[in-house]
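Model, not experiment: these values are computed from the prediction.
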Amino acid sequence: MVELGFIGLGVMGQPMALNLARAGVPLTVWNRTAARCAPLADAGAHVATGPDEVFGRADVVLLMLADEAAVDAVLDRGGAGFGARCRGRTVVQMGTMPADYSHALAADVAAAGGAYVEAPVSGSRGPAEQGSLVAMLSGADTDVDRVRPLLAPMCAEVVDCGPVPGALLMKFAVNLFLITMVTGLAEAYGFAEAHKLDPALLTRILDAGPMASAVSRAKAAKLLAGEFAVQASITDVLKNNRLIAEAARAAGVASPLLDVCHALFGEAVALGRGGEDMAGVVHAIRARG
C-alpha cells in the first residue's frame, strides 16, 4: 500500500486526514500547531517532527494548507530542500490557491523530478468529517490515475478536470455559485426579519421547496438559530471570493453578483465576524440596513 503524507490539519485537513487513518491507510502527518496532530496519533497515524520526515517517509504527500506562503515553506520552494522533497514523489496540492501560482508550482515540481496533482475539494467541515467531499483533479494522466483511488476515504466523488490549473478553475466556478447562493439565503433571512416574518416558517418552506439542498439546509439552520460555528469561515470565503474575482478579471468575465458578495464578506470581517461561518454574512447585511 502507498505510504501517504498529509500536511495541514486545519478545519478541513484534520477530518480529511482522520478519514484516511481510520481507513487503515499508512499515514504520516505534520502540522505547524502540534496539538492538531493528537487525534491523528490516536487514530494510528505517525506524527512527524517536520516536513522533511513526511517527505522522507511518504511516496505521495497531500498538502491542505492555507495559502501560497505556507505551501512554499513546507516544500522549501526556492531553497536547498525543494529538490529532495519533490524528487520521486507526487505532491498533491488540495488547498485553494491562485490558478497561475499552481501552474507555476507544477512546473517547478516537474523540474525537480517530482509529479504534481491539483486536487481542490468542494465541501466544508461537515462533508470533510463525513468523507463526502467532491475532489477535482488536474495533472498528467498517469499522476491523476495514481492519486484518484487514494482519495476514496475522503471523497464521495472524484472528477478529472484536465491539465493544471483546470481543477482550481473548476473549483472557482463551483464556489462562485456557493458564495452567491449562501449570500442570497442570508439576505432572505434578513428580509424576513425586517418584516417580522417567522424565520421558522421560512425555513420550513425553503426545506420543502425545489431550491432545498444540503447547503441551504445547513446554512438555514444556522441563520434560524443565530449560531455561526464555523464550517467554512467568512475569512476563508473572502479569500476564495478574491481569487475567483481575479480569475474572472484575467479572463475578461463579468462577475457582478460575486463583486457584491466580495464587499459584504469584507464588511463582515471588518465587523469582527471573520472566524464565523459564512452564513454570518447576514451581520454585514443587517449593518447596511
Does the pair D277/R125 count as a salt bridge with the N-to-O cut at 4.0 Å? no
Does K222 reach the main-chain N or O of G280 with its side chain, forming a donor-acceptor pair under 3.5 Å? no
In this structure, which one of M154, E118, M136 forms a side chain to side chain contact (heavy atoms under 4.5 Å, CB included) with M94? M154
With side-chain contact (heavy atoms from CB on, under 4.5 Å) as the test, would you mind laying out the steps for C155 and M16 before giving the verdict? CA-CA 9 Å; C155 300; M16 290 165 67; over 6 Å; no
I'd like to know if the side chain of R36 and the backbone of G10 have a donor-acceptor N/O pair within less than 3.5 Å. yes
Does R204 CZ have over 12 foreign heavy atoms under 6.0 Å away? no
Please confirm whether the backbone N or O of R87 pairs with a side-chain atom of R89, one donor and one acceptor, at under 3.5 Å? yes
Assess whether atom CD of E53 is packed by more than 12 heavy atoms of other residues, nucleotides or ligands within 6.0 Å. yes
Whether the side chain of E68 engages the backbone of P98 through a donor-acceptor N/O pair (distance < 3.5 Å, no angle test) should be reported. no
Between L223 and F228, is the side-chain contact (heavy atoms from CB on, under 4.5 Å) condition met? List the steps. CA-CA 8 Å; L223 289 159; F228 300 105; 4.1 Å; yes
Ignoring hydrogens and angles, state whether a donor on the side chain of T28 or E3 is under 3.5 Å from an acceptor on the partner side chain. yes
Got more than 12 heavy atoms from elsewhere within 6.0 Å of CG, D198? yes
Strictly distance-based, threshold 3.5 Å: is any side-chain N or O of D143 a donor or acceptor partner for the main-chain N or O of A115? no
Under a single-linkage definition using a 4.5 Å side-chain heavy-atom cutoff for Ile, Leu, Val, Met, Phe, Trp and Tyr, are L169 and L243 assigned to the same hydrophobic cluster? yes
Do you know the tightest heavy-atom contact between L65 and G8? CD2-CA, 3.8 Å
Just so I know, are the side chains of L168 and H103 near enough to count as touching, which here means a heavy-atom distance under 4.5 Å? no
All heavy atoms of T180 vs all of L258, minimum pair found to be CG2-N, 4.1 Å
Among H283, Q231, E227, which residue satisfies the side chain to side chain contact (heavy atoms under 4.5 Å, CB included) criterion with E276? H283
Any side-chain heavy-atom pair from W30 and V74 closer than 4.5 angstrom? yes
Closest heavy-atom contact between V54 and A48? CG2-CB, 3.6 Å
Count I, L, V, M, F, W, Y as connected when their side-chain heavy atoms are under 4.5 Å apart, and connections chain through other members. Are L40 and V92 then in the same cluster? yes
Atom pair CG/CG of L62 and L150 - distance to nearest 0.5 Å: 7.5 Å
Out of curiosity, does L63 fall in the hydrophobic cluster containing F82 (side-chain heavy atoms, cut-off under 4.5 Å, transitive links)? yes
Minimum heavy-atom distance R85-F55, with the two atoms named: O-CD2, 3.0 Å
With side-chain contact (heavy atoms from CB on, under 4.5 Å) as the test, would you mind laying out the steps for L105 and L75 before giving the verdict? CA-CA 10 Å; L105 179 58; L75 293 174; 3.8 Å; yes
Go through Y116 and C86 one step at a time and tell me if the side-chain contact (heavy atoms from CB on, under 4.5 Å) criterion holds. CA-CA 9 Å; Y116 179 84; C86 295; over 6 Å; no
Sub-4.5 Å side-chain heavy-atom contact between V61 and V91: no
All heavy atoms of N31 vs all of C37, minimum pair found to be N-SG, 3.7 Å
Donor-acceptor contact present, side-chain K239 to main-chain T96, <3.5 Å: yes
Here's a test for you: under side chain to side chain contact (heavy atoms under 4.5 Å, CB included), which of M170, M64, K171 qualifies with P120? K171
Ignoring hydrogens and angles, tell me if any N or O in the side chain of D207 forms a donor-acceptor pair with the backbone of R217 under 3.5 Å. no
Could you tell me whether a side-chain N or O of S138 sits under 3.5 Å from a main-chain N or O of A167, the two making a donor and an acceptor? yes
Does the side chain of D67 come under 3.5 Å of the side chain of Y101 through a donor N or O and an acceptor N or O? no
Same apolar cluster: M181 and I179, side chain cutoff 4.5 Å: yes
Atom of T90, atom of V117 and distance for their closest heavy-atom approach: CG2-CG2, 4.3 Å
Of the options D236, V237, T235, which is the one that meets F265 in a side chain to side chain contact (heavy atoms under 4.5 Å, CB included)? V237
Would you say L151 and L9 are hydrophobically clustered, going by side-chain heavy atoms of ILVMFWY under 4.5 Å? yes
